[in-house]
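Below, read A as the first sequence line, B as the second, and so on, with proteins coming before strands; counting in each chain starts at 1.
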Protein chains: 2
Amino acid sequence: LSIAIEDESTDASLPNPRRRGAYAKTEARKSAILEAAFQIFAANGYRSGSIRDVAEIVGISEAGLLHHFPNKVALLEGVLRERDARSFLMVQPNTLHGVKFAEGLIRVAEYNETVPGIVELFCVLSAEATAPDHPAHEYFRERYRWVHEMTTTAFNEAATDGELIENANPASVARMFIALWDGLQLQWLLNRESVDIATELRSFLRGVTTPIATDRARQE
Amino acid sequence: LSIAIEDESTDASLPNPRRRGAYAKTEARKSAILEAAFQIFAANGYRSGSIRDVAEIVGISEAGLLHHFPNKVALLEGVLRERDARSFLMVQPNTLHGVKFAEGLIRVAEYNETVPGIVELFCVLSAEATAPDHPAHEYFRERYRWVHEMTTTAFNEAATDGELIENANPASVARMFIALWDGLQLQWLLNRESVDIATELRSFLRGVTTPIATDRARQE
């Protein structure tokens, strides 16, 4: 599995050292804002968290923050992109192969339970962004495209390795896995006691994989 | 399967014929408002549809509408309750048994594709209602409770009839079926070309059911 993530800090189109210095400073500031926003929205949820709170933590003015993220949706999208990048580190798609990758995604689901505010943010913003004119519409369309592509690749590997049950279509299993996860999150946000997300995802995974995959997991 | 739906029109606590007449008139008006709201939101989607448009179709003032539904969320919740009742008629839980009931739900999913505005309304409102202080929070918590209960009953029947694969837990299969449906709807709203909801639901159902269920479906 290899998915390229754009790393703007190595952008070759910025050769001027001085400009590179200013660029690095801007990136560091954006990074600090996203880190603060992640904390604020994780702790207070999507609605209670405000741009003012985030600016205060970073030690800048609201106007200073809006220079980097022109509105709340842009900031929220930034937080979700940051979360995608962190999740990406957890699943290590270049290292985890086949069913192991899906198991990595379940560990991400387990981690997410520790930051319910971020899960809520994802759930609400993705639903609102279904409107074609929503500012985060393209982000979500593109996100589901690459997440599906990455997960399909993993289930294709699983099929090749005999880990997937017969007649299971890898692209369809990937589509279902992602949809199931989103739907379980909604039920969990509405009623935390009603559902254990990771347990249901594991149950689904067990249903589409062979004893080969189960034995491998047990040996490790 | 038997789930009682409250039918307020046969409420025995209203014996006075005159009062009953006024009550019936109020119910008829509410019904007309919900029918108009269903049309408006199905055609224009959640955001573009307005209370004014709905009032205009019914031929009443906005104030007259607000007398029955005090705000937009109350009206939207009313539309979703109305949709639940219609879906209920489609799946006929008292007639459809076991896997047949789940197949009925898939026919509802197929019907829903003809009213994307209502699917969008459901998707956005359910996400926003995850906040405990949202006016539709209790409606959605209660809705997921009874939908899960009803679907679990059907999969329990399926297990008894040998339609469910071994080791499949009916309550868990029900939970997954509902979550999968919601997650697929989100992906469909973001990109209609990316996913066929009914096809994926059928694929999931095939994965958890035995040849007994498949043979029964083929014979009919």
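Ranked by non-hydrogen atom pairs under 4.5 Å with chain A, the options L125(B), I165(B), V173(B), L186(B) are led by L186(B). Among the candidates G183(A), G207(A), P132(A), the residue making the largest number of heavy-atom pairs closer than 4.5 Å to chain B is G183(A). Chosen from L190(A), V124(A), L180(A), I178(A), the residue pairing most often with chain B at heavy-atom distances under 4.5 Å is L190(A).
Closest non-hydrogen pair, A179(A) versus L184(B), comes out as CB-N, 3.5 Å.
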So between chain A and chain B, what donor-acceptor pairs come in under 3.5 Å?
residue	atom	partner	partner atom	Å
R47(A)	NH2	E128(B)	O	3.1
E128(A)	O	R47(B)	NH2	3.0
R141(A)	NH1	L190(B)	O	3.1
S172(A)	OG	E200(B)	OE1	2.6
R175(A)	NH1	Q187(B)	OE1	2.6
R175(A)	NH2	S194(B)	O	2.9
Q187(A)	OE1	R175(B)	NH1	2.7
L190(A)	O	R141(B)	NH1	3.1
S194(A)	O	R175(B)	NH2	2.9
E200(A)	OE1	S172(B)	OG	2.6

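Checked against ring pair (Phe, Tyr, Trp, His ring centres under 6.0 Å), F140(B) has the following partners two or more places apart in sequence or in another chain: F122(B).
In this structure, no portion of L201(B) lies under 4.5 Å from any heavy atom of chain A.
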